[in-house]
Amino acid sequence: MATSRLKVVLDQERSYDIRVGCKLLENLGTHLRELSSAKKAVIITDSNVGSLYLETTKKALVEAEFEVYDLTIPAGEESKNIEVATELWDALAMLNIGRDGLLLALGGGVVGDITGFIAATYMRGIDFVQLPTSLLAMVDSSVGGKTAINISAGKNLVGSFYQPIYVAADLDTLVTLPDAEWDNGFAEIAKSAIIDGGEFYEWVLNNVSSLVAHDDDALKQVIVRALTFKARVVIADEKESGLRECLNYGHTFAHALEQVSGYSISHGKAVAEGMRFAARLAVEVIGSSNDFVKAQDDLFDAIGLSPVAESFSSDELFECMFGDKKVRGGNLRFVFACGPGEWKVEIVDPDLAKIYIILWEQARM
Ligand code: NAD
Ligand code: GLY
């Protein structure tokens with residue numbers, strides 16, 4: 001399968017290549033040598049991904065004459081916190097990694113987000129590379145430079161915009177992705193397709209069965225389509241002062257759901273539920289049609305994103321929603337889609353949002 005290449009063009013110093021294809025980890029070294037003169041390279045991975053792909057990645061870097069180190073964090077969202085970040089900063093200092101060092105994030109969105117955060121902050125910023133291994137990370141989190149950790153007040157509340165110097169999505173790694181993780185990627189794919197609309201949306205509708213069958217060619221195509229869309233948005237609005245907000249579709253409710261569930265509801269599943277929630281609220285707030293609510297539900301059902309069945313306290317969900325980054329000036333802001341390719345951000349009356357959250361809770365009792 002041929003490797004696809006995309007580019008995120010920001011400014012001369014911060015533009016970077018994205019590659020999507022096979023055998024990218026084992027052939028990583030040569031290309032990285034062209035991009036980086038670092039002597040020391042540190043691979044940050046998690047306990048699941050490390051046991052599968054660390055050796056291949058290390059070998060490729062050693063062959064390209066990097067002095068290679070690796071740091072492994074426990075797998076899971078619970079690792080995206082300040083304690084783990086402190087351990088990583090300390091470990092880098094112990095290894096004498098200077099500003100000329102290179103970090104590589106080998107894993108899913110958790111490893112990508114925390115490694116990006118470490119890269120942005122250690123020595124006031126060192127280069128890093130994204131090597132996404134989950135579908136979610138391949139279609140979304142590895143590109144665009146959002147780095148973050150969670151704090152007790154909420155998800156992703158501490159972080160920065162800090163771009164990688166290179167992204168390589170090696171499709172071979174998807175072979176070991178656990179069944180439960182595919183939904184997370186499909187949720188972000190559905191989000192991007194709905195927001196982009198047009199050809200991307202139609203393509204997803206027409207290829208759902210190939211996607212759920214994990215057909216190699218369909219997966220590659222959808223990753224390239226999703227990243228093409230994401231790169232376009234990030235190039236136009238890197239720091240989310242307008243257009244990039246569209247990528248938060250479903251996220252206002254999703255972040256609250258993740259937090260209230262103690263992160264037992266994964267990011268992708270929460271985003272899918274958040275889009276279901278937002279679409280229903282949109283009928284009331286912006287007068288969008290119930291036909292779109294149904295079309296969206298049908299797409300989610302077909303791609304295997306079933307509604308969240310557990311119930312959570314509406315009071316807690318409401319409180320968490322107000323901690324969300326999308327609250328500005330005390331206003332509760334929602335990204336709404338009213339059809340494929342049609343979206344807008346609206347301020348929502350908190351009392352109305354509360355009613356919809358109570359309805360959501362009651363429907364699950
Ligand atoms: P994750 O990183 O926790 O990975 C999911 C699980 O799959 C983990 O247990 C991991 O070890 C395992 N795994 C990953 N790749 C594997 C592989 N190839 N083989 C076997 N196991 C593998 O979760 P995720 O869904 O990848 O990412 C979710 C995170 O991404 C959340 O923290 C979310 O906030 C963040 N995110 C960030 C952005 C952004 O723009 N920065 C966008 C979307 C989501
Ligand atoms: N996943 C949201 C963003 O990158 O902006």
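Order of listing sets the numbers, starting from 1, for every ligand and every atom in it. In what follows, every heavy atom counts, from backbone to side chain, and hydrogens, waters and symmetry copies are set aside. Owing to the predicted nature of the structure, the values given are computational and were not obtained by experimental measurement.
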No-hydrogen, no-angle side-chain donor-acceptor test under 3.5 Å, Asp113 and Thr147:
no
Closest to atom 38 (C) of ligand 1 among protein heavy atoms sits Ser141 CB, 3.2 Å
Joining Ile, Leu, Val, Met, Phe, Trp and Tyr whenever any side-chain heavy atoms lie under 4.5 Å apart, the cluster holding Leu136 also takes in none
Ligand 1 to Glu77, heavy atom cutoff 4.0 Å, flagged ligand atoms 31 (C), 32 (O)
Ala75 heavy atoms within 4.0 Å reach ligand 1 at atoms 9 (O), 11 (O)
Quick note, side chain to side chain donor-acceptor pair (under 3.5 Å) partners involving residues 14-24, not counting sequence neighbours, are Lys7-Asp17, Asp11-Arg14, Arg14-Glu238, Tyr16-Gln163, Arg19-His31
Specify whether Tyr356 and Phe277 have parallel, tilted or perpendicular ring planes, treating 30° as the upper limit for parallel and 60° as the lower limit for perpendicular.
-> perpendicular
protein heavy-atom neighbour closest to atom 34 (O) of ligand 1 works out as Lys155 NZ, 2.7 Å
Atom 9 (O) of ligand 1 sits nearest the protein heavy atom Asn48 ND2, 3.0 Å
Ligand 1 atoms nearer than 4.0 angstrom to some heavy atom of Leu52 are 19 (N), 20 (C)
Original post:
Hey, are the side chains of Phe334 and Met321 touching, using non-hydrogen atoms and a 4.5 Å cut-off?
Top reply: yes
Ligand 2 atoms nearer than 4.0 angstrom to some heavy atom of Lys146 are 2 (C), 3 (C), 4 (O), 5 (O)
The atoms of ligand 1 lying under 4.0 Å from a heavy atom of Asp46, numbered in the order shown, are 10 (C), 11 (O)
| query | Is the closest basic N to carboxylate O distance between Arg333 and Glu245 below 4.0 Å? | reply | yes
ask   = Below 3.5 angstrom, do we get any N/O pair linking Lys230 and ligand 2?
value = yes
Under 4.0 Å from one or more heavy atoms of Val49, ligand 1 contributes atoms 11 (O), 13 (N), 14 (C), 15 (N), 16 (C), 22 (C)
Within the 4.0 Å heavy-atom cut-off, what Val175 brings close to ligand 1 is neither
Report yes or no: is the cationic atom of Lys354 (NZ for Lys, CZ for Arg) under 6.0 Å from the centre of the six-membered ring of Phe318, at an angle within 45° of the ring normal? yes
Q.
With a 3.5 Å distance limit and no angle check, can you tell me whether Thr121 reaches the backbone of Ile118 through a side-chain donor-acceptor pair?
A. yes
Within the 4.0 Å heavy-atom cut-off, what Thr147 brings close to ligand 1 is neither
For atom 35 (C) of ligand 1, the closest protein heavy atom turns out to be Asp113 OD2, 3.4 Å
Q) Will you find, in the side chains of Lys230 and Ser192, an N or O donor that is under 3.5 Å from an N or O acceptor? A) no
Checking heavy atoms under 4.0 Å, the part of Val234 that sits near ligand 2 is neither
Requested in this report: Report yes or no: does Glu65 contribute a side-chain atom to a donor-acceptor pair with the main-chain N or O of Lys39 at less than 3.5 Å?
Outcome: no
Atom 14 (C) of ligand 1: of Val143, Thr133, Val139, the nearest heavy atom sits on Thr133
- Where does the angle between the aromatic ring planes of Phe253 and Trp360 fall among parallel (under 30°), tilted (30 to 60°) and perpendicular (over 60°)? perpendicular
At under 4.0 Å between heavy atoms, what of Lys230 touches ligand 1? The answer is side chain
Worksheet item: Strictly under 4.0 Å, does any heavy atom of His251 approach an atom of ligand 2?
Response: no
| request: Compute the shortest N/O to N/O distance between Gly109 and ligand 1 and return yes if it is under 3.5 Å, no if not. | output: yes
If we number the atoms of ligand 1 from 1 as shown, the ones under 4.0 Å from a heavy atom of Val110 are 1 (P), 2 (O), 3 (O), 27 (O), 29 (C), 32 (O)
Pair Glu240-Asn248, side-chain donor/acceptor within less than 3.5 Å
yes
Fill in: Pi-cation contact, Phe66 with Arg33 (under 6.0 Å, within 45°)
yes
In terms of side-chain heavy atoms, does Asn156 have a donor or acceptor partner in Lys80 at a distance below 3.5 Å?
yes
Atom 1 (N) of ligand 2 sits nearest the protein heavy atom Asp140 OD1, 3.3 Å
Checking Ile223, Asp140, Val222 against Ile189 for side-chain contact (heavy atoms from CB on, under 4.5 Å), the one that qualifies is Val222
Are any of the heavy atoms in Pro178 under 4.0 Å away from ligand 1? yes
Residue, atom and distance of the protein heavy atom nearest atom 28 (C) of ligand 1 read Leu136 CD2, 3.9 Å
Going by the 4.0 angstrom heavy-atom rule, the piece of Lys146 near ligand 1 is both
Short version for Thr176: what comes under 4.0 Å of ligand 1, heavy atoms counted, is both
query = So Trp182 and Phe186, would you call those rings parallel, tilted or perpendicular, with 30° and 60° as cut-offs?
reply = tilted
Quick note on ligand 2: atoms under 4.0 Å from a heavy atom of Leu247 include exactly 2 (C), 3 (C), 4 (O), 5 (O)
Near Glu181 (heavy-atom distance under 4.0 Å), the atoms of ligand 1 are 5 (C), 6 (C), 7 (O)
### ligand 1 contacted by Glu258 (non-hydrogen, < 4.0 Å)
no
shortest atom 4 (O) of ligand 1-to-protein heavy-atom contact is with Gly108 CA, 4.2 Å
If we number the atoms of ligand 1 from 1 as shown, the ones under 4.0 Å from a heavy atom of Glu188 are 43 (C)
If I apply the N/O under 3.5 Å rule, does Ser134 come out as touching ligand 1? yes
Using a 3.5 Å distance criterion without hydrogens, assess whether the side chain of Asp170 forms a donor-acceptor pair with backbone atoms of Leu24. yes
